[in-house]
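Below you'll find the structure, written out as structure tokens, and then a few comments.
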Number of protein chains: 2
Amino acid sequence: MEQKLWSISELADECGVTTRTIRFYEDKGLLQPQRVGANRVYNYQDKARLILILRGKRLGFSLEDIGEFLALYHAECDPAHASQLRYLLDKVQAKVKVLRQQQEDLAQTLQELTRIETECLSHLPDSEMPT
Amino acid sequence: MEQKLWSISELADECGVTTRTIRFYEDKGLLQPQRVGANRVYNYQDKARLILILRGKRLGFSLEDIGEFLALYHAECDPAHASQLRYLLDKVQAKVKVLRQQQEDLAQTLQELTRIETECLSHLPDSEMPT
DNA sequence: GAACTGCTTAACGTTAACGTCAAATGCCTG
DNA sequence: CAGGCATTTGACGTTAACGTTAAGCAGTTC
């Protein structure tokens, strides 16, 4: 069973980014595709990494944060020395805290927005009714 | 019952931002405090606005987005012409969509992070036990 | 009245995250 | 083999969101 592979522009299309963005992420050390000659070639793992990066971005993380975050996935498989694990654990717990705050913010904002939405609708002619 | 008022640095302290930031938001039209002489004076509504702005920021919105968002709170009170309401409704619905995507991202990420967290803990000496 | 504190405007600097060229290379096709 | 397309590296440009510095005014404190 051979692995599916992507060129840079194929990957860019499928993930909704530009090739420039992908190369930029590589410059930052977030991606390390294989090469065929000079050309970059991406496998499924590379694609999964990119998708993780984009999710991180949607959540407002910096690329630097995302870099550390990606490192966690690997470090987890290598429970070699506890001091490093301790460090990673601290990082994770800090991020969990940020995300929980964000969840709260999000819930509040959504509530207010939907309230405004129904307010709007109640003032409009009822062209919004599903037939 | 007199309203409580804040100087720019008091407000900055209470909200955890710099005075530069507050002035910057004013430049962008997000805040319009009263003046006493040349000095800015903030009332409770101003403070509430700032808090809303900061929440928007934590959610990764641009200041421009936040500006439109703040406008919704006022427009809602003025159901004058429906065309404007329609426009606002579209904006709100688009933002609700973004936020729901974000909620999904968040839930997934939190799940993965806490999984990694327990993995880490299971490999560490049990110095984490509550006494 | 000199120093200190807090405020003002104005202007320039900075960082992240790309966009936008430019010039060169490799491969395929007619 | 000329033309066209995808790719490469490299360099400079851009935008948002402030930071930082400068220069000056107002009040009050020793």
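A, B, ... follow the sequence lines: proteins, then strands. Residue 1 opens every chain.
The 12-atom threshold is not exceeded at CD of B/Glu64, counting heavy atoms of other residues, nucleotides or ligands nearer than 6.0 Å. Under a cut-off of 6.0 angstrom, the local environment of CD in B/Gln111 is sparse, with at most 12 non-hydrogen atoms contributed by other residues, nucleotides or ligands. Summarising the local packing, CD of B/Glu14 is surrounded by more than 12 heavy atoms from other residues, nucleotides or ligands at distances under 6.0 Å.
Taking every side-chain heavy atom of B/Ser62 into account, D/dA17 is the closest of C/dC7, D/dA17, C/dA17. Of the candidate nucleotides D/dT8, D/dA17, C/dG6, C/dG6 has the atom lying nearest to any side-chain atom of B/Ser9. Comparing C/dA17, C/dT8, D/dA17 against the side chain of B/Lys57 picks out D/dA17 as the nearest.
Not one side-chain nitrogen or oxygen of A/Tyr25 sits closer than 4.0 Å to the OP1 or OP2 atom of C/dA17. Look at B/Arg40 and you won't find any side-chain N or O under 4.0 angstrom from OP1 or OP2 of C/dC7. Contact check, B/Ser7 against C/dG6: no side-chain N or O comes under 4.0 Å of OP1 or OP2.
Between the B/Gln102 side chain and the A/Leu106 main chain, no donor and acceptor come within less than 3.5 Å of each other.
What separates CG of B/Leu30 from C1' of D/dA17 is a distance of 12 Å, to the nearest Å. In this entry the distance linking CD of A/Glu10 with C1' of D/dC5 reads 14 Å, nearest Å. Computed from coordinates, the B/Glu64 CD to D/dC18 C1' distance equals 16 Å when rounded to whole Å. At whole-Å resolution of the value, CG in A/Leu5 and P in D/dT7 are 14 Å apart. When the P atom of C/dC18 is taken as reference, atom CG of A/Asp27 falls 12 Å away, rounded to whole Å. The distance from atom CD1 of B/Ile8 to atom P of C/dG6 is 14 Å, rounded to the nearest whole Å. Taking atom CD of B/Glu26 as the reference point, atom P of D/dC18 lies 15 Å away to the nearest angstrom. As a whole-Å value, the separation of B/Leu11 CG from C/dG6 C1' is 15 Å.
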- request: Kindly determine whether B/Glu112 and A/Arg55 satisfy salt bridge (charged side-chain N to carboxylate O under 4.0 Å, His left out), including the steps that lead there.
  value: CA-CA 13 Å; B/Glu112 288 166 16; A/Arg55 199 168 77 201; 3.0 Å; yes
- request: Under the side chain to side chain contact (heavy atoms under 4.5 Å, CB included) rule, what do A/Asp46 and A/Asn43 come out as? Steps first, then yes or no, please.
  value: CA-CA 5 Å; A/Asp46 295 324; A/Asn43 60 24; 3.0 Å; yes
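Within residues 15-24 of chain A, the residues that have a heavy atom under 4.0 Å from DNA chain C are, in order of number, A/Thr18, A/Arg20, A/Thr21, A/Phe24.
Nucleic acid contact for B/Lys28: none, since no nucleic acid atom lies under 4.0 Å from a heavy atom of the residue.
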